[in-house]
Amino acid sequence: YAEELKGRGASFPAPVYKVWTSEYYKATGVKVNYTPTGSGDGVKSITKRMVDFAGTDTPLKQKGLKKEKLHMFPTVIGSVVLAYNLDGIKDGELKLSRKAVAGIFNGTITHWDDPAIAEHNAGLTLPHEPITVAVRADKSGTTFNFTYFLNQIDEQIKVSKKPTWKANKVIAGKSNSGVSANIQQIKNSIGYIEYSYKMTLGLSAAQVENKEGKFINPTLESFQDAAKYATWSPDNDFYAVIGDPAGATSYPIVAATFLLLPEEKQATNKLVTKFMEWVYTHGDAAAVELGYVPLPEETKDQIRAYWEAKRIR
Amino acid sequence: MTTDTMIMEVKDFSFTYAGASSPSLKKINLPIEKNKITALIGPSGCGKSTLLRSMNRIHDLYPGNHYEGEIRLYDGDGKGGNILEIKKENDFIKLRQDVGMIFQKPTPFPMSIYDNVAYGLKLAGIKDKSEIQGRVEKALQDAAIWGETKDRLKESAMGLSGGQQQRLCIARAVALKPDVLLFDEPTSALDPISTGAIEELIAELKKDVSIVIVTHNMQQASRLSNYTAFMYLGDLIEYGKTDKIFLNPSVKLTEDYITGRFG
Amino acid sequence: MTTDTMIMEVKDFSFTYAGASSPSLKKINLPIEKNKITALIGPSGCGKSTLLRSMNRIHDLYPGNHYEGEIRLYDGDGKGGNILEIKKENDFIKLRQDVGMIFQKPTPFPMSIYDNVAYGLKLAGIKDKSEIQGRVEKALQDAAIWGETKDRLKESAMGLSGGQQQRLCIARAVALKPDVLLFDEPTSALDPISTGAIEELIAELKKDVSIVIVTHNMQQASRLSNYTAFMYLGDLIEYGKTDKIFLNPSVKLTEDYITGRFG
Amino acid sequence: MNRLFLNKAILMLSTLSAVIGLGFLLWILITLSYKGIMSLHWSTFTNDLVEGGIRNLLVGQFTMALMASAIAVPIGMLAGIYLREYSNNGKLAAVMRNLSDVMMSAPSIVIGVFVFALLVDPFGGYNGWAGIVALAIMMIPIIISTTDNMLSLVPQELREAGMALGGSKHKIILQIVVKAAKVGITTGVLLSFARIIGETAPLLFTSANNQFFTMDLTEQFPSLTVSIYNLATYPDEASRELAWAASFVLTMVVLLINLVGRFITRSKK
Amino acid sequence: MGGTLFKNFSFFSATLSFFILVGIFAVLFNYAQEALQEFGINFLYGETWEVDEEDEGGIFGGWIPIVGTLLSTLIAMVIAIPLAMGIAIFLTEIAHEKLVKPVSIAIELLAAIPSIIYGMWGLFYFAPIVQSTVGGDGVGLLTAGIVLAIMIIPFMAAITRDAMNTVPPVLKESAYAMGATTFEVVKDVVMPYAKGGIIGSIILALGRALGETMAVAFLIGSVMSIPSRITDPTTSIPVLLANNFAEAQDLEISAMYYLALILFVVSFALISLAKFYFFRKTV
Ligand SMILES: Nc1ncnc2c1ncn2[C@@H]1O[C@H](COP(=O)(O)OP(=O)(O)OP(=O)(O)O)[C@@H](O)[C@H]1O
Ligand SMILES: Nc1ncnc2c1ncn2[C@@H]1O[C@H](COP(=O)(O)OP(=O)(O)OP(=O)(O)O)[C@@H](O)[C@H]1O
Ligand SMILES: [Mg+2]
Ligand SMILES: [Mg+2]
């Protein structure tokens with residue numbers, strides 16, 4: 001009997017999960033089969049007990065966890081970048097103010113040369129072309145975290161895993177990879193994707209204005225700076241939305257991603273935590289390489305204690 | 001014509017195809033003489049095949065046909081059962097082994113030459129290998145095709161020529177030692193030489209079995225048969241010795257047909 | 001037999017089907033007399049249809065066939081072009097309007113009775129409605145089917161009986177006022193009564209056109225035709241006045257065939 | 001002349017359509033072969049998806065297609081035999097035949113949804129069996145119709161000849177009629193196999209996918225097609241290359257089976 | 001008795017199609033209940049598809065995917081019908097004998113290529129061409145329609161050719177014998193004679209296009225919006241199902257089953273219509 005763990009869900013951490021599972025398989029021979037189908041699918045799969053664990057970028061509130069009899073804890077922190085496809089404008093050159101980001105996604109800004117964009121990009125020649133907004137076709141934690149950020153700027157935009165976008169020209173793709181592919185293919189497009197997709201694909205991403213009015217490039221450092229502001233507590237199963245943090249050097253759109261475990265599946269839960277234990281001790285390097293921010297050591301210890309408490313270690 | 005010279009007898013026989021509004025055969029009366037050849041002639045659609053196919057009830061492959069009257073099959077003692085009363089599968093199988101049939105187009109089965117002939121024997125319940133082998137050989141000899149096939153018995157029967165296939169089908173029927181053999185235009189798809197061979201074979205076979213043959217070829221009917229029945233639009237118009245029918249028919253319609261005035 | 005009594009003339013004509021290794025017709029010589037009926041007889045596969053179908057080059061629908069020799073079609077002045085030299089589409093269309101054809105199975109087009117006959121006229125470029133109407137009526141009368149169809153000209157031709165359909169096809173061909181009509185076993189799929197009607201019609205038609213007819217029915221050939229050609233294995237064995245061929249053939253093979261010794 | 005010109009024009013357009021059709025075939029096959037071959041390595045065949053190969057996917061796809069055939073072929077053939085040999089071509093047979101044809105054209109995604117409701121939802125997880133059943137449902141009507149058609153080509157005289165020798169009906173069907181139709185039925189089975197092995201939609205919500213090698217049909221089961229769907233939308237080069245490689249292999253498999261099917265029919269006739 | 005047993009097994013197998021079809025209908029109908037009760041027939045023209053993340057409900061309407069399905073199919077048919085007819089005419093009336101076989105095989109091979117391959121090829125090779133020539137984003141209604149057309153053309157051409165081949169050669173010959181040109185023979189004899197089969201092939205292809213998932217999923221854009229231009233992205237029923245069925249819950253998944261039911265019923269009706277045409281022809 002070869003041990004195999006089944007998981008489905010968030011595509012946001014999929015690149016790093018892929019490396020982790022494959023390295024874990026090489027190291028221990030244990031198969032962890034994670035299918036990145038989106039957080040929505042992950043939550044549904046675990047509530048229906050179709051999988052051993054699920055990934056989600058949208059943390060569940062305690063009420064929901066109780067109702068569905070689930071445990072939850074974070075695995076890694078990632079960030080959402082605004083990637084674009086504009087001729088002649090290189091990576092990091094485009095600066096987007098908070099107003100501009102909200103305007104693009106709520107449909108009030110329809111063309112690239114809109115004054116709201118142009119005012120901070122004096123040196124760039126922005127085309128008079130309509131903006132194609134690349135979004136997710138599926139329910140997604142990435143979307144949840146991104147709309148959380150948008151909601152801080154414009155209350156009209158609801159925090160949702162799959163909102164109805166008001167932008168003029170919308171193109172949808174399945175999972176982070178689908179959105180990235182669309183941005184790659186379509187000229188004059190912009191979309192929100194997880195940072196590692198931007199890196200591996202060499203897409204261009206914008207500097208985004210943070211809470212303190214600074215334009216921040218998406219880099220590992222600016223993510224780490226942002227992650228410092230997150231507060232976790234095992235008492236509410238680590239529920240936290242860490243987007244739009246304080247700090248002058250923090251990149252504004254960061255998010256943690258979580259695992260959900262079914263309370264009653266003691267045996268497989270122990271296998272999952274064993275895997276996660278391996279990840280917490282051996283997986284940081286891989287995460288950093290892909291542009292994720294590993295959890296701080298004290299958070300990891302809190303999680304270990306949480307496992308002990310739930311007797312799933 | 002007394003009962004003991006007859007092998008079969010068709011009495012007041014009518015036949016209606018499933019779904020047809022009018023009968024295709026109407027009150028047919030016809031004796032089939034033992035060890036003689038009876039020819040059925042008539043224009044296309046007159047019911048020759050229908051009558052022939054009633055004689056071993058091959059019609060029953062398709063449901064819903066309607067029979068009336070009697071067709072008796074006599075055994076050695078001159079006693080005869082009405083084959084139209086047969087209901088049980090076993091009796092059907094027996095009937096068809098007693099009354100064999102050869103079709104217009106040769107119908108070799110998709111198997112070897114040997115198996116084609118052996119197949120009927122196996123169906124008849126013969127298990128003994130050497131008996132089967134003996135009877136296959138005998139049948140192929142009787143059907144005058146042994147010479148051409150003895151070296152290729154294991155080959156597929158599809159490889160034979162049309163005429164050879166037809167003789168193989170005759171061998172297959174003969175192997176079962178039937179009392180009657182029914183031929184439905186057995187040479188109309190064949191070339192002149194094969195036709196000659198089959199005609200010779202049929203003439204030869206009548207030593208052992210009684211034969212009914214449907215043909216469109218007047219010359220064939222007159223050359224081959226002892227008795228001839230002329231049919232028209234589902235009626236049997238005239239029956240008699242072949243010479244009589246061809247040289248001096250009593251009915252004008254028969255004469256018109258034989259002299260080619262129609263058909 | 002001089003040129004001016006002939007409408008067509010086949011000279012040293014050989015024909016090989018595409019891909020066939022040997023010719024199906026070998027050096028055929030045959031005159032087609034004007035306003036006469038010429039019958040082509042012979043056993044199956046001897047090449048009757050092949051010859052007939054060469055006479056309006058309907059073969060050319062299928063590529064790769066090989067012709068040799070000449071087939072001349074004479075006009076009123078006794079001048080004749082070799083139809084085998086035709087290359088242009090226009091000339092083909094003209095040829096087929098001059099030399100009509102009727103097939104074994106009736107081939108009504110999937111349209112109304114009226115349109116079936118009018119179709120050829122429209123193809124021939126006749127636009128005038130009343131002229132078309134007149135010629136359709138005339139053709140239907142000539143083909144002895146006017147009475148049966150005049151009240152249902154707008155109905156589909158598929159609803160006619162086999163014999164009626166065949167006469168409709170003849171009407172269709174006649175409407176084009178052809179010089180020659182080719183019939184390939186026009187009655188072999190029909191019942192005796194329809195056969196009689198068609199035979200009568202053909203006899204009538206020869207007043208206006210010259211006719212070549214392929215038939216398997218010896219009686220039909222002898223009843224109907226003025227000249228008969230007997231073919232065997234791609235050769236033309238004997239040609240002559242019909243009486244002569246049937247009563248006193250010069251070649252043994254012809255006699256054997258006519259008396260039904262084979263075929 | 002006007003009508004001759006019209007004729008020429010239409011014939012040219014028809015020829016042009018054929019050229020366009022063939023042009024697309026070539027275009028698709030050439031890009032597929034080029035991208036596929038460039039992306040193929042020996043290790044593509046020896047590694048599982050988790051290590052960047054398609055070994056487990058190939059095995060999984062074939063396993064499901066073969067198991068589906070094992071279900072569909074006997075059922076489909078028996079049904080075809082019933083329709084052609086026993087039903088007497090009555091009203092009931094006509095209805096059954098039409099239903100089977102309707103089923104053949106049912107959208108494959110709907111079949112996927114149906115099997116999800118039947119075999120995934122109640123049993124708490126995507127599994128290989130569900131994929132197999134979905135494929136079998138797609139295959140059954142195809143087998144029914146080929147069997148039915150091929151049996152209809154067997155000359156009626158052959159059945160009558162068997163009957164005239166004293167055979168009982170089922171013996172004649174099994175020993176003569178089916179045998180005579182063997183080549184056609186085999187080809188039909190091959191072609192329908194080729195058809196289901198390229199299916200994606202019925203597998204999406206049934207067997208889902210698996211990165212690892214497995215033979216456990218109660219688990220999510222690996223398949224080429226679903227993986228292509230996932231991989232193709234991945235933006236990284238490695239995934240896309242693997243998708244091309246997998247597509248190339250899949251297409252070759254499908255075309256090969258088709259050609260073999262054709263070859264059998266031709267060499268036997 | 002072996003015979004009876006065999007016959008019964010055969011009969012049972014033959015009835016299976018019926019049970020599967022009824023089963024599909026019953027299951028879809030049953031799972032769609034919630035949405036059926038909530039939205040009823042209004043579902044067909046509702047334009048909103050919004051999950052209410054608080055109370056497991058939401059507002060769902062099928063109008064956009066229904067329109068997307070119909071439009072992509074329409075575009076596909078408009079392109080495919082003339083081309084498929086042309087190919088069939090080429091194969092039956094024009095092509096040299098030596099060409100017929102290889103071209104037919106090529107066309108049938110094209111029909112055998114898995115649809116996901118069309119999708120991939122379309123996304124990476126065809127969509128950019130559409131974008132640079134017609135404009136738009138490459139993916140969208142037009143691209144999906146064209147690739148769908150390329151996919152159904154071989155299928156339609158093959159059936160149409162078969163139907164045209166059923167025209168007895170003598171019938172064509174007799175038209176030629178009256179002096180008709182090839183086009184006239186096709187128009188006046190072949191087409192009317194093979195009408196049933198040709199219409200049947202069109203409807204079957206239509207059914208295929210309606211239900212096609214993979215080729216369209218890559219290409220239609222997957223956006224829940226009504227396209228205002230032909231190059232705009234939208235979505236279709238199969239694509240919506242492929243993308244979102246797995247993750248949907250509660251009322252939303254019920255709405256998905258409702259969509260599946262609609263697709264199933266429409267294709268059932270279409271195919272029945274096609275059968276009716278075939279049936280009239282063959283009886
Ligand atoms: N299966 C059938 N169902 C209904 N009617 C049939 C069937 N078979 C034949 N008939 C009709 O029965 C009549 C007699 O047909 P039969 O085949 O016996 O003629 P035949 O004399 O053998 O003709 P042929 O010389 O053409 O073989 C014909 O009118 C025919 O149309
Ligand atoms: N399309 C073809 N291709 C190759 N050979 C052919 C073709 N059509 C006929 N033949 C051959 O040409 C020869 C003459 O055939 P044809 O059809 O002219 O004979 P027929 O005298 O009309 O016979 P029947 O009386 O059976 O109609 C035969 O050997 C036949 O096999
Ligand atoms: Mg008969
Ligand atoms: Mg002929």
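What you see is a predicted model; the values in this text were computed from it and never measured. Letters go in sequence order (proteins before strands), and every chain restarts at 1.
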If I measure from the heavy atoms of chain A, does [X] come under 4.5 Å with its side chain, its backbone, both, or neither?
X	result
E/I253	side chain
E/A127	neither
E/A217	neither

* To do: Using the ring of E/F245 (Phe, Tyr or Trp, six-membered ring only), decide whether A/K44 places NZ or CZ under 6.0 Å from its centre and within 45 degrees of its axis.
  => yes
Are more than 12 heavy atoms from other residues, nucleotides or ligands located less than 6.0 Å from atom [atom1] of [X]?
X	atom1	result
E/F29	CZ	no
A/R49	CZ	yes
E/Y125	OH	yes
A/K265	NZ	yes
A/E264	CD	yes

* To do: Quick one: which of A/S175, A/G173, A/A137 has the most heavy-atom pairs under 4.5 Å with chain E, could you say?
  => A/A137
* Asked: Going by heavy atoms in the side chains, are A/K161 and E/V51 under 4.5 Å from each other?
  ->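 Side chain of A/K161 against side chain of E/V51, heavy atoms only: no contact under 4.5 Å found.
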[X] versus chain E, the contacting section by heavy-atom distance below 4.5 Å:
X	value
A/T132	side chain
A/S189	neither
A/K48	neither
A/K139	both

* **Residue pair A/D138 / E/N243: nearest heavy atoms and the distance that separates them** => CB-O, 4.3 Å
* To do: Indicate the atoms forming the closest heavy-atom contact of E/L123 with A/Q185, along with that distance.
  =>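 Closest approach of E/L123 to A/Q185, heavy atoms only: O-OE1, 4.0 Å.
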* Pull out the residues in residues 218-226 of chain E that come under 4.5 Å of chain A, heavy atom to heavy atom, sorted by number. => E/G221, E/S222, E/V223
* Reported OG1-to-CG distance for the pair A/T37 and E/N244, which is rounded to 0.5 angstrom -> 11.5 Å
* To do: Please name all residues satisfying side chain to side chain donor-acceptor pair (under 3.5 Å) with A/N182, sequence neighbours left out, ordered by chain then number.
  =>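 A/N182 satisfies side chain to side chain donor-acceptor pair (under 3.5 Å) with no other residue.
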